[in-house]
2 protein chains.
Amino acid sequence: MSDNSIPKIVISRLPVYLRALSRMINKGQLVTSSHELGKALGISSAQIRKDLSHFGEFGKQGTGYQVEFLITQLSQILNLDREWEVAVIGSGDIGHAITRYQGFADRGFRVSVIFDSDPQKVGSYINGLEVMHASQIVKVLRERNIQIAMLAIPAEYAQKVTDTVVDAGVRAILSYAPISLNVPDHVRVSYIDPVTHLQSMTYYLSTEQDLMSQPL
Amino acid sequence: MSDNSIPKIVISRLPVYLRALSRMINKGQLVTSSHELGKALGISSAQIRKDLSHFGEFGKQGTGYQVEFLITQLSQILNLDREWEVAVIGSGDIGHAITRYQGFADRGFRVSVIFDSDPQKVGSYINGLEVMHASQIVKVLRERNIQIAMLAIPAEYAQKVTDTVVDAGVRAILSYAPISLNVPDHVRVSYIDPVTHLQSMTYYLSTEQDLMSQPL
DNA sequence: AAGCGTGTGTGAAATATTTCTCAATATGTA
DNA sequence: TACATATTGAGAAATATTTCACACACGCTT
């Protein structure tokens, strides 16, 4: 059933399914089931089936799913049957780690250009890539038609740099800066801020009060 | 109204509110409103008010919220009115970047110990911290009563190391390894996998087909 | 070829989450 | 003081998301 519009939360789970399926294939596993996949991921089998049903019928009753086939399908759905070029902005510790991270190349993305505004860093090489000056962002991104940028810069500069990369044609931004960004409707933004994760978890830590032990 | 149990999704937004409020204070802003905060974060004012109403009445009708007061309240709710010690496992690029990241210290967390199993790295210093051997994890974490661990290790080792830190008493894990972890009920896990973010966004990129242009 | 165990896809029901509204209250101004 | 404007907190309504439950189908065994 091609639905009018798939819930965003469903889309956000597909990469997680893909990740688990890839592990299965690497272990030589050819077939799986929604139950098994759900157990590995800590979610219900019904949810997995419902999620997949938005895009078609990929399983076989009584049997389950062919792992490789499902990977192919999910990759197509997510437009991962091509390689995406990514720009990294900022060559500090985070930009450095991102640029060298092998996990991108393995899963459809290639960091193909990195920028910094610090003259000390411009011209140096990270993972074989020369750090270019930030003033070149618009020119280079347009030339290479790069649509994805990762921001590894301080919060103070994040909005300004965002405006720049959007101007350069970027339509997806993954920001490591701890600040909410304003972008036009046609641009997607995701955030990675480890501190917000930690701060949510500490809510539950406290002094481990037993929630069941409340009087009455 | 103290509810029986606050939705997890509400808790996950509080750190984001806190982040925005901190920026306001730093700019000297003393008062804000749900409307203004929502605009800065791209969410509705009603949602912010509803979220906060789970914990009490922090605003004043007609006026809004005292920024500093709200920060204090949110910090208490999230148990951030203390400093949390964090252990980093893995001293590769990511572990390195995490350990040096200033953003933790500023927001309630202190990386106070780092481990690696590579003899080449054990004994070296990162940000003034000596890298300890992974075999010391249980001993050191128990001694210091550390309850939060960040995993910056390859996926293959992640489950084993998770079991180790859980054994050592850790109750919150932030994992950078691209794999879903199994933990006992009393342990919280958050994941940071930049690739899943990118893969969700590429769903929307495609060749920018206009969704309105479907025939019929 | 019939019976059994397994597992999908899906409508319906149950929950969860967000948005809508508006009475109540605060501030500023004339 | 009266009035205009702003903004909260919360019940109700609207949406969104998850879970339930089961008909249907596949593969294996006998």
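Note that the coordinates shown come from a computational prediction; the quantities given were computed from them, not determined experimentally. Atom set for the values below is all heavy atoms of this structure, side chains included, hydrogens, waters and symmetry mates excluded. Quick note on labels: first sequence line is chain A, next is B, and so on, each numbered from 1.
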To the nearest 0.5 angstrom, please state how far the CG atom of B:Asp116 sits from the CD1 atom of B:Ile153.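 One gets 9.5 Å once the value is rounded to the nearest 0.5 Å.
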
Tell me: [atom1] of [X] to [atom2] of [N], nearest whole Å?
X: B:Leu37; N: D:dT8; atom1: CG; atom2: P; value: 10 Å
X: A:Ile11; N: D:dT17; atom1: CD1; atom2: C1'; value: 14 Å
X: B:Glu36; N: D:dT8; atom1: CD; atom2: C1'; value: 15 Å
X: A:Gln66; N: C:dG7; atom1: CD; atom2: P; value: 14 Å
X: B:Glu57; N: D:dT7; atom1: CD; atom2: P; value: 18 Å
X: A:Ile9; N: D:dA16; atom1: CD1; atom2: C1'; value: 9 Å
X: B:Lys39; N: D:dT7; atom1: NZ; atom2: P; value: 12 Å
X: B:His54; N: C:dA16; atom1: NE2; atom2: P; value: 12 Å

Given D:dT18, D:dT17, C:dT17, the nucleotide with the shortest approach to the side chain of A:Pro7: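 When the side chain of A:Pro7 is considered, D:dT17 is the closest of D:dT18, D:dT17, C:dT17.
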
Show the atom names and distances, to 0.1 Å, of all donor-acceptor pairs under 3.5 Å that link a side chain in residues 154-167 of chain A to residues at least two apart or in another chain.
{"unit_1": "A:Gln159", "atom_1": "OE1", "unit_2": "A:Asn182", "atom_2": "N", "d": "2.9"}
{"unit_1": "A:Gln159", "atom_1": "NE2", "unit_2": "A:Asp163", "atom_2": "OD1", "d": "2.9"}
{"unit_1": "A:Gln159", "atom_1": "NE2", "unit_2": "A:Asn182", "atom_2": "O", "d": "3.0"}
{"unit_1": "A:Thr162", "atom_1": "OG1", "unit_2": "A:Ala158", "atom_2": "O", "d": "2.6"}
{"unit_1": "A:Thr164", "atom_1": "OG1", "unit_2": "A:Lys160", "atom_2": "O", "d": "3.1"}
{"unit_1": "A:Asp167", "atom_1": "OD1", "unit_2": "A:Arg142", "atom_2": "NH2", "d": "3.2"}

Pairs touching residues 190-202 of chain B that satisfy salt bridge (Lys or Arg N to Asp or Glu O under 4.0 Å), sequence neighbours left out: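 For residues 190-202 of chain B: A:Arg19-B:Asp193, A:Arg107-B:Asp193.
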
Describe the nucleic acid contact of B:Ser45 in one word from base, sugar-phosphate, nothing, applying a heavy-atom distance below 4.0 Å.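 Contact class for B:Ser45: none.
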
Would you mind classifying the nucleic acid contact of B:Leu52 as base, sugar-phosphate or nothing, using non-hydrogen atoms under 4.0 angstrom?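 B:Leu52: no heavy atom of the nucleic acid under 4.0 Å.
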
Any pair counted as side chain to side chain donor-acceptor pair (under 3.5 Å), so long as it reaches residues 23-34 of chain B, sequence neighbours left out: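 Applying side chain to side chain donor-acceptor pair (under 3.5 Å) to every pair that reaches into residues 23-34 of chain B, excluding sequence neighbours, yields B:Gln29-B:Glu36, B:Thr32-B:Glu36, B:Ser34-B:Arg49.
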
State which residues pass salt bridge (charged side-chain N to carboxylate O under 4.0 Å, His left out) with A:Asp51; sequence neighbours excluded, sorted by chain then number.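 With sequence neighbours excluded, A:Asp51 shows a salt bridge (charged side-chain N to carboxylate O under 4.0 Å, His left out) to A:Arg13, given in chain and number order.
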
Who passes side-chain contact (heavy atoms from CB on, under 4.5 Å) against B:Asn127, sequence neighbours left out?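 B:Asn127 satisfies side-chain contact (heavy atoms from CB on, under 4.5 Å) with B:Thr99, B:Arg100 only.
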
Are any of the side-chain heavy atoms of A:Ile173 and A:Tyr191 separated by less than 4.5 Å?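 Side-chain contact under 4.5 Å: no.
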
Can you sort out the partners of B:Tyr101 under ring pair (Phe, Tyr, Trp, His ring centres under 6.0 Å), two or more places apart, ordered by chain and number?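 Counting only residues at least two positions away or on another chain, B:Tyr101 forms a ring pair (Phe, Tyr, Trp, His ring centres under 6.0 Å) with B:Phe104.
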
Review item, side-chain donor-acceptor pairs of residues 57-77 of chain A, under 3.5 Å, at least two apart:
{"unit_1": "A:Thr72", "atom_1": "OG1", "unit_2": "A:Glu68", "atom_2": "O", "d": "3.0"}
{"unit_1": "A:Ser75", "atom_1": "OG", "unit_2": "A:Ile71", "atom_2": "O", "d": "2.8"}

Both A:Lys8 and B:Ser34 contact DNA chain D. Which one's nearest nucleotide lies toward the 5' end?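 The answer here is B:Ser34.
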
Ignoring backbone atoms, establish whether B:Tyr65 has a side-chain N or O less than 4.0 Å from OP1 or OP2 of D:dG9.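 Yes.
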
Readout for nucleotides 19-30 of chain C: B = base within 4.0 Å of protein heavy atom, S = sugar-phosphate only, - = neither; 5' to 3' it is B-B--BBSS---

Between the two end axes of the helix from C:dA1-D:dT30 to C:dA30-D:dT1, each built from 5 base pairs, what angle do you get to the nearest 10°?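 Computed angle between terminal axes is 10°.
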
